[in-house]
Amino acid sequence: MDFSNKTVLVSGGAEGIGFAIAKALGLQGMNVVLGDINEEGAREAANELKTLGVRVLVIKMDVVKPEDWFSAVGLATSEFGALHALINNAGVGGKPGPIEGNTLADWQWCVDVNLMGVVQGMQACVPTIKQSGGGFIVNVGSMAGLLGVPFGGEYTATKLAVVGLSEAWAVELAPFGIHVAALCPAFVSTRIHLSERNRAETHGQTVSRAQIELPPEDSMMSQVVTNGIDKDLVGSRVVEALNQKEHLIITHPNYRSAVQARFQAIDSAFERAAKSAIVGHLINEPLDAFVPQ
Ligand SMILES: NC(=O)c1ccc[n+]([C@@H]2O[C@H](COP(=O)([O-])OP(=O)(O)OC[C@H]3O[C@@H](n4cnc5c(N)ncnc54)[C@H](O)[C@@H]3O)[C@@H](O)[C@H]2O)c1
C-alpha cells in the first residue's frame with residue numbers, strides 16, 4: 001500500500017480507535033485529517049501527532065450531517081491537494097439492553113451515526129478519492145458485525161450493515177483502484193461505553209452535557225471495554241492488513257471459534273434447504289449474475 005505523502009480523513013479521529021489508526025497511518029507518512037464532533041479533543045490529538053512529525057488538519061464535524069462531510073472533503077483537499085483515503089470510524093455504542101428498553105430515538109441515534117455516518121462518508125469521499133487515482137477506505141465495523149450480540153440489537157444491526165456494505169463496495173470500487181476493507185474488532189480499551197457523551201438533542205439527549213449519566217466504572221460494559229486490547233494494536237494491525245490488501249480485518253483471532261459456529265449454522269441451513277422437498281430441486285441452478293463469483 002502506498003501511504004507516503006497521501007492524505008487520509010479519519011472520522012472520530014480525536015480519540016480511541018480512530019486516533020490509533022490516524023497515528024499509525026501518520027507514522028507511515030500520510031497527511032492526517034482528524035474529523036470529530038469533539039473539536040477540543042481533536043486539537044489535543046493533533047498536537048500529539050505533530051510532536052511525532054505528522055502533518056495534520058483538524059475539522060469539527062458531525063458524521064450525521066452531510067454538509068459537514070462535504071465541507072471536510074473541501075478543507076482536506078485545499079490543505080493537502082488531494083484525498084486518497086477514508087477511515088469511516090466515528091461510532092457510538094448505542095444503548096445496550098432488552099428490546100423493549102430501547103426507544104426509537106435510541107435506534108435512530110445508533111443508525112444515524114454508525115450506519116448513515118458511514119454511508120455519508122462514502123458519498124462525500126469516494127468521488128474525490130476516484131479523482132485522486134484511487135486509495136483505500138476502512139469502514140469500522142465490529143465483531144458485532146460478524147456475530148449477533150444479544151441485548152445489543154441496534155449496535156449489531158448497524159455493524160452487520162457496515163460489514164455487508166463494505167463487501168459490496170470492495171467489488172464496486174476495485175476497478176477504480178480503491179481498496180475497501182471492514183475492520184471488525186472485539187473489545188478495545190476506549191471510551192465507547194461512555195458514548196452518551198456524544199449524543200445530541202436531535203437524537204434524544206434530554207439533559208445538558210454536565211448532567212449526562214454515564215455507566216458506573218464497575219458496570220459489565222465498562223469492565224469489558226476497559227479490559228479490551230490496547231488501541232495501538234488496532235492501529236498497527238490496520239497498517240499490516242492494508243499492506244496485505246485484506247478486505248476483512250480481524251484484530252482478535254481468539255474469536256474464530258465463535259464466528260466459525262455461526263458459519264457452520266449458516267452452512268447447515270443450506271444443507272437443509274438442499275434436502276427440502278420444496279426448494280431442493282434448485283441446488284444446481286446457476287447463480288444470479290450480480291453475485292460475486
Ligand atoms: N472499543 C471497542 O471495543 C470497539 C469494538 C469494535 C468496534 N468499535 C468501533 O470503533 C469505532 C470507534 O469507537 P471507539 O471505541 O474508539 O469509541 P470512542 O468513544 O473512544 O471514540 C469515538 C470517537 O468518535 C467521535 N464521535 C462520536 N460521535 C460522533 C459524530 N456523530 N460525529 C463525529 N465524531 C463522533 C467521538 O468524539 C470520539 O472521538 C466505532 O465505530 C465503534 O463502534 C469499537
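These figures come from a predicted structure and were not determined experimentally. Just follow the structure's listing: the first ligand is 1, and inside any ligand the first atom is 1.
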In terms of atom number and element, which parts of ligand 1 are under 4.0 angstrom from non-hydrogen atoms of K159? 40 (C), 41 (O), 42 (C), 43 (O)
Have a look at K231, R197, R191 and point out the one with the heavy atom closest to atom 21 (O) of ligand 1. R197
Give me the nearest non-hydrogen protein atom to atom 5 (C) of ligand 1 as residue plus atom name, then the distance to 0.1 Å. A186 O, 3.1 Å
Between Q223 and N227, is any side-chain donor less than 3.5 angstrom from a side-chain acceptor? no
Protein heavy atom at shortest distance from atom 9 (C) of ligand 1: V140 CG1, 3.6 Å
Option with minimal heavy-atom separation from atom 22 (C) of ligand 1, where the choices are G228, G91, G94: G91
What atoms of ligand 1 come closer than 4.0 angstrom to any heavy atom of F187? 3 (O)
S195 side chain to N198 side chain, donor-acceptor N/O pair below 3.5 angstrom: no
Would you check the N or O atoms of G18, main chain and side chain alike, for any that come under 3.5 Å of an N or O of ligand 1? no
What is the nearest protein non-hydrogen atom to atom 44 (C) of ligand 1, stated with its residue, atom name and distance? I17 CD1, 3.5 Å
Against ligand 1, does V225 come closer than 4.0 Å with any heavy atom? no
With sequence neighbours left out, write down each residue that passes ring pair (Phe, Tyr, Trp, His ring centres under 6.0 Å) with F187, or none if nothing qualifies. none
Give the ring-plane orientation class for H179 versus H247, where under 30° counts as parallel, over 60° as perpendicular and anything between as tilted. parallel
What do you reckon, does N38 have a nitrogen or oxygen under 3.5 Å from a nitrogen or oxygen of ligand 1? no
Under 4.0 Å from a heavy atom of M61: give me the atoms of ligand 1 that qualify, with their elements. 32 (N), 33 (C)
Any idea which protein heavy atom is nearest atom 31 (N) of ligand 1, and the distance to it? D62 OD1, 2.9 Å
Would you mind listing which atoms of ligand 1 come within a distance below 4.0 Å of any non-hydrogen atom of N198? 27 (C), 28 (N), 36 (C), 37 (O)
Is ligand 1 less than 4.0 angstrom away from at least one heavy atom of C184? no
Answer yes or no: does atom CD1 of I266 have more than 12 heavy-atom neighbours from other residues, nucleotides or ligands under 6.0 Å? yes
At their closest point, which heavy atom of S142 faces which heavy atom of K159, and how far apart are they? CB-CG, 3.7 Å
Starting from atom 32 (N) of ligand 1, locate the nearest protein heavy atom and write down its residue, its atom name and how far away it is, to 0.1 Å. V63 N, 3.0 Å
Any chance the side chains of R197 and N38 put a donor and an acceptor closer than 3.5 Å? no
Checking a contact table here: which protein heavy atom is nearest atom 15 (O) of ligand 1, and how many Å away? T190 OG1, 2.6 Å
Check each of V224, I37, N88, V162 against atom 35 (C) of ligand 1 and report the one with the nearest heavy atom. I37
Members other than V279 in its cluster, when Ile, Leu, Val, Met, Phe, Trp, Tyr link by side-chain heavy atoms under 4.5 Å? I278, L282
Go through the steps for K65 and D112 under the test salt bridge (charged side-chain N to carboxylate O under 4.0 Å, His left out), then give the verdict. CA-CA 9 Å; K65 298 182 178 162; D112 278 354; over 6 Å; no
Look at atom 43 (O) of ligand 1 and say which protein heavy atom is nearest, naming residue and atom and giving the distance to 0.1 Å. Y155 OH, 2.6 Å
Sub-4.5 Å side-chain heavy-atom contact between V188 and V225: no
Is there a donor-acceptor contact under 3.5 Å from the side chain of N88 to the main chain of N139? no
Those atoms of ligand 1 less than 4.0 Å from some heavy atom in G16: 16 (O), 20 (O)
Looking only at protein heavy atoms, which one is nearest to atom 23 (C) of ligand 1, and how far off is it? G12 O, 3.7 Å
Could you work out, for atom 37 (O) of ligand 1, the closest of D36, V188, N139 by heavy-atom distance? D36
Verify salt bridge (charged side-chain N to carboxylate O under 4.0 Å, His left out) between R237 and E240, making sure each step is shown before the conclusion. CA-CA 5 Å; R237 174 74 183 107; E240 177 186 57; 2.8 Å; yes
